[in-house]
Amino acid sequence: MPELPEVETISHILNQGGEGIPPLPGQVVDQAVVLWERTIAMPDVARFKESIRGQKIEHLSRRGKFLIIQLTQETLLFHLRMSGDLLVERQEQAFAPHHRLVLEFTSGWRLAFNDTRKFGRVWLTADPQEVLAGLGPEPLDRGLSSAEFFRRLHSHSRQLKPLLMDQTFLAGLGNIYTDEALHLARLHPLSLSDKINEEQSSRLLASIRQVLEAGIQRNGTSIDWVYRGGDYQNYLRVYGRTGEACPVCGTPIERIVLGQRSTHFCPVCQVIRA
DNA sequence: CACGAGACCTGTTCGC
DNA sequence: TGCGAACAGGTCTCGT
């Protein structure tokens with residue numbers, strides 16, 4: 001489910017609290033309840049439970065699609081994958097069906113990791129770089145220049161869409177925002193990265209930033225039962241709109257499968273060619 | 001190196 | 001109506 005804007009939104013909400021829910025910073029872990037062992041990527045479950053007890057939450061942040069929770073001694077990292085979500089609840093409440101990990105706090109509140117498809121993972125480590133080291137640059141980091149982005153595009157000869165979704169190339173884009181950015185930039189998802197000229201490259205970077213910022217502005221994209229809160233789904237240009245009119249030229253949006261992912265684009269606006 | 005397919009999972013929607 | 005196929009915001013690993 002969550003791509004960069006959704007994780008950013010969750011991080012913000014959990015940091016600030018709101019709607020009768022307390023901010024997470026300051027909460028002290030009393031106990032971890034593990035309902036699906038494979039959710040814990042590191043360390044093993046016994047050590048995870050042992051180690052997290054008594055640690056206080058200092059601060060939440062995001063890197064790519066990872067949610068990072070800084071604890072007093074260690075760092076807790078979540079990757080929500082396709083269906084993960086984080087909820088702050090009262091401890092009296094019964095566990096919902098798909099809770100995989102629950103952190104109970106001394107305050108009577110708890111943080112629940114709910115993940116229908118069980119793809120999500122959690123790491124507890126003294127050195128978060130162990131988990132994050134391979135990630136590419138943050139797309140919204142102004143330190144990533146047009147020139148650098150162009151260089152990175154030309155250091156591969158790969159189809160644009162799978163390249164943009166490769167987290168070692170750029171950290172945070174997923175299936176929705178990649179389709180949106182490519183349409184906004186008028187670039188075909190199958191275009192080869194080393195055939196992109198400088199103007200197209202800077203347009204692409206600007207488009208990526210524009211759709212991600214708009215997504216954050218709208219608190220993310222909510223589709224189906226997964227991820228509630230955001231309403232960017234109402235502003236999507238091509239994602240999930242197969243057969244509907246392109247918002248720019250009116251041509252029906254096409255769908256192809258690329259790297260086993262649905263890919264939506266306008267066959268008129270998005271042309272392969274340098 | 002680039003790319004496709006299969007795994008990992010559960011739930012909903014589609015098509016006949 | 002029923003039932004299997006297709007599909008879903010992700011990523012890893014293997015084979016070509």
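First the proteins, then the strands, lettered A, B, ... as listed; each starts at 1. Model, not experiment: these values are computed from the prediction.
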- Query: Has A:S83 got a side-chain N or O lying under 4.0 Å from the OP1 or OP2 atom of C:dA8?
  - Reply: no
- Item | Atom-to-atom span, CD1 of A:I223 to C1' of B:dT12 - whole angstrom | 14 Å
- Quick one: is A:R38 getting a side-chain N or O under 4.0 Å of the B:dC9 phosphate, OP1 or OP2? yes
- Apart from A:F150 itself, members of its ILVMFWY cluster (side-chain separation under 4.5 Å) are none
- With heavy atoms under 4.0 Å as the rule, sort A:R261 into base, sugar-phosphate or nothing. base
- Message: Taking any heavy-atom pair under 4.0 Å as a contact, classify A:Y177: base, sugar-phosphate, or nothing.
- Response: nothing
- Message: Distance check needed: B:dC9 C1' versus A:E37 CD, whole Å only.
- Response: 17 Å
- Base, backbone or nothing for each nucleotide of nucleotides 2-7 of chain B, written B, S, -, heavy atoms under 4.0 angstrom, 5' to 3'? SSSBB-
- Task: Figure out the CG/P separation between A:D166 and C:dT13, and round it to whole Å.
- Result: 13 Å
- Note on the structure: Residue set satisfying salt bridge (Lys or Arg N to Asp or Glu O under 4.0 Å) with A:R100, at least two apart, ordered chain then number -> none
- Query: When you compare B:dC9 with C:dC3, how far apart are their P atoms, in angstrom units rounded to a whole number?
  - Reply: 27 Å
- Under the side-chain contact (heavy atoms from CB on, under 4.5 Å) test, which residues partner A:E244, sequence neighbours left out? A:R241
- Task: Return no unless some side-chain N or O of A:H79 is found under 4.0 Å from OP1 or OP2 of C:dG10.
- Result: no
- Task: Please check if the distance between the ring centroids of A:Y232 and A:Y239 is under 6.0 Å.
- Result: no
- Ring-base stacking, A:F119 with C:dT11 (5.5 Å, 30° cut-offs): no
- Item | Check: A:S157/A:D194 side-chain N/O donor and acceptor closer than 3.5 Å | yes
- Message: Work out how far the P atom of C:dC7 is from that of B:dA5, and round it to whole angstrom.
- Response: 13 Å
- Compare side-chain N and O positions of A:K118 against OP1 and OP2 of B:dT10 and report whether any pair is under 4.0 Å apart. yes
- Message: Nearest to the A:H98 side chain among C:dT11, C:dC7, B:dT10, which nucleotide is it?
- Response: B:dT10
- Query: Listed by chain and number, what are the side-chain hydrogen bond (donor to acceptor under 3.5 Å, both in side chains) partners of A:T125, not counting sequence neighbours?
  - Reply: A:E130
- Task: Go through the structure and list residues passing salt bridge (Lys or Arg N to Asp or Glu O under 4.0 Å) with A:E138, not counting sequence neighbours.
- Result: A:R62, A:R63
- Message: In this structure, how many angstroms lie between the C1' atom of C:dG10 and the CG atom of A:L67, rounded?
- Response: 16 Å
- Item | Per A:M82 side chain, nearest of listed nucleotides C:dA8, B:dC9, C:dT11 | C:dA8
- Task: Measure the distance from CG on A:L153 to C1' on B:dC1 and round it to the nearest whole Å.
- Result: 17 Å
- Message: I want to check one thing: is the phosphate of C:dC12, taken as OP1 and OP2, less than 4.0 Å away from some side-chain N or O of A:R81?
- Response: no
- List for me each residue that meets salt bridge (Lys or Arg N to Asp or Glu O under 4.0 Å) alongside A:K161, sequence neighbours excluded, and say none if there are none. A:D179
- Query: Should the heavy atoms of other residues, nucleotides or ligands under 6.0 Å from CZ of A:R90 be counted, would the total exceed 12?
  - Reply: yes
- Query: Given a cutoff of under 4.5 Å between side-chain heavy atoms of I, L, V, M, F, W and Y, with clusters grown through shared members, what are the other residues clustered with A:I253?
  - Reply: A:V238
- Task: State whether the number of non-hydrogen atoms from other residues, nucleotides or ligands found under 6.0 Å of A:E213 atom CD is greater than 12.
- Result: yes
- Note on the structure: From CD1 of A:I40 across to C1' of B:dC8 the rounded distance in Å is 17 Å
- Can you tell me how far P of C:dA8 sits from CD of A:Q233, to the nearest Å? 17 Å
- Secondary structure of DNA chain B per the Watson-Crick/G-U criterion (both distances under 3.5 Å; [ ] crossing, | other strand, . unpaired) is .|||||||.|||||||
- Task: Return no unless some side-chain N or O of A:Q167 is found under 4.0 Å from OP1 or OP2 of C:dG10.
- Result: no
- Figure out the CZ/P separation between A:F169 and C:dT11, and round it to whole Å. 15 Å
